[in-house]
Structure formats: structure tokens, C-alpha cells
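Report on the following structure.
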Amino acid sequence: MTRPHPALVLASLLTLAACGGVVPSPAAQITRPPVGPPASAFTRPGPLIGSDAKQLMHLFGQPRLDIRESTMRKLQFANGRCVLDAYLYLPPQGKEPLVTHVDARTLTGTDVDPASCSAALQGK
């Protein structure tokens, strides 16, 4: 029986040593970023903020669009002059979603003041 060359034995041992024996340390504790302010902190005061769907329909009639998702409702009202999108979310307490954001634009898509669009939708 012939003996393997010592360099071959050494290379085999080094290869085996590189494959095992070293256990990686557990991942460092992942720190989460601090909790930010609630969405209501970013709500800008303006027309219709805090209104519910019933109030909007009383002002503008039936919406052109009524899109409902699990936590959000979007009502869209329009006439020949402007389009108004009202976004309603559930408040921390209470059961009716309330308007937290309003977008308004012309029929061509140019942004307009929500208060002036609201007045136009009411025929003022």
C-alpha cells in the first residue's frame, strides 16, 4: 500500500477545516426604527376634512366613483369644471370613515384649490 503524498494530506485537511468547525455567530439583534407619528399628524386642514360620506353626498350628490378597500374609501365627484377626490379612513375611535385628504383638479388634470372645486361642485 502506498502512502499519499504529505502535501495532498495537508491540502485535504485544510479543505475540511475550511468547510466546517466554524459556526457563524447569531445575527445581531435587529433594531426597528422608532414608530412615527400617526397619519392624522400629516392631515392638512382644509375643506371637507373630517366629513363623512353622508355629508359629502349631501353636499355634492351621488359620487361618480365609490372605491372601497379594507381601510380606505375614495369618493370622486365631478362636474364640467373640476374633479374632486375625497379619501376617507377609519378614525382611531368611531365607526364611520372620515375624510383625511382631498385632491382636486380640472378635467385636463391640472391641480386646483379643493375649496374652489368644492364650491363649483355645489354650484356656488
Side-chain angles (χ1 to χ4, degrees):
M1 179 186 270
T2 59
R3 297 179 122 205
H5 193 275
L8 183 59
V9 172
L10 180 60
S12 298
L13 288 175
L14 288 174
T15 302
L16 285 174
C19 291
V22 178
V23 178
S25 63
Q29 182 89 13
I30 297 174
T31 57
R32 297 187 184 270
V35 176
S40 61
F42 298 100
T43 301
R44 293 177 290 167
L48 311 174
I49 301 299
S51 301
D52 64 18
K54 201 179 280 189
Q55 292 167 319
L56 293 176
M57 287 186 240
H58 178 74
L59 288 171
F60 309 125
Q62 283 301 113
R64 182 166 90 169
L65 289 175
D66 186 347
I67 300 170
R68 297 172 193 241
E69 294 182 6
S70 61
T71 60
M72 185 274 302
R73 182 176 182 187
K74 174 186 169 182
L75 295 176
Q76 185 178 86
F77 301 92
N79 62 11
R81 294 190 265 176
C82 68
V83 177
L84 185 129
D85 294 319
Y87 299 88
L88 298 87
Y89 290 89
L90 289 171
Q93 61 277 8
K95 296 181 182 176
E96 285 297 313
L98 302 175
V99 175
T100 60
H101 182 76
V102 177
D103 283 327
R105 62 190 175 281
T106 64
L107 298 177
T108 60
T110 305
D111 289 342
V112 296
D113 177 50
S116 62
C117 183
S118 176
L121 287 169
Q122 294 176 60
K124 295 180 180 176

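Bear in mind that the values here come from a model prediction, so they are computed numbers and not experimental data. Residue numbers start at 1 and run along the sequence shown.
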| said: If you apply the rule side-chain contact (heavy atoms from CB on, under 4.5 Å), what do you find for Thr71 with Leu90, and how did you get there? | reply: CA-CA 7 Å; Thr71 60; Leu90 289 171; 5.7 Å; no
| query | Can you check side-chain contact (heavy atoms from CB on, under 4.5 Å) on Arg81 and Val112, steps first, answer last? | reply | CA-CA 10 Å; Arg81 294 190 265 176; Val112 296; over 6 Å; no
| task | Would you check, one step at a time, whether the test side-chain contact (heavy atoms from CB on, under 4.5 Å) holds for Arg105 with Asp85? | result | CA-CA 9 Å; Arg105 62 190 175 281; Asp85 294 319; 2.6 Å; yes
| task | Would you check, one step at a time, whether the test side-chain contact (heavy atoms from CB on, under 4.5 Å) holds for Asn79 with Phe60? | result | CA-CA 10 Å; Asn79 62 11; Phe60 309 125; over 6 Å; no
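One hydrophobic cluster, built from ILVMFWY side chains closer than 4.5 Å, holds both Ile49 and Phe77. A single hydrophobic cluster is seen to contain both Leu56 and Val102, as judged by linkage of ILVMFWY side chains at heavy-atom distances under 4.5 Å, directly or through other members.
Annotation: side chain of Leu88 is in contact with side chain of Val99 (closest heavy-atom distance under 4.5 Å). Residues Leu48 and Ser118 are in side-chain contact: their nearest non-hydrogen atoms beyond the backbone lie under 4.5 Å apart.
Scanning all heavy atoms of the two residues, the minimum distance from Ala104 to Pro114 falls at CB-CA, 3.7 Å. Closest non-hydrogen pair, Gly50 versus Gln55, comes out as O-OE1, 4.2 Å. Scanning both residues, Cys117 and Leu84, for their nearest heavy atoms gives SG-CB, 3.9 Å. Taking every heavy atom of both residues into account, Ala120 and Cys82 meet most closely at CB-SG, 4.3 Å.
Glu69 contributes atom CD, which lies 7.5 Å from atom CD1 of Ile67 (distance to the nearest 0.5 angstrom). Separating the CG atom in Asp52 from the CZ atom in Arg73 is a distance of 9.5 Å, to the nearest 0.5 Å. Here Leu121 contributes atom CG and Leu59 contributes atom CG; the two are 9.5 Å apart, rounded to the nearest 0.5 Å. Interatomic distance, Ser51 OG to Leu98 CG, rounded to the nearest 0.5 Å: 8.0 Å. To the nearest 0.5 Å, the span separating NZ on Lys74 from OH on Tyr87 amounts to 4.0 Å.
Under a 3.5 Å cut-off, the side chain of Thr106 and the backbone N or O of Thr110 do form a donor-acceptor pair.
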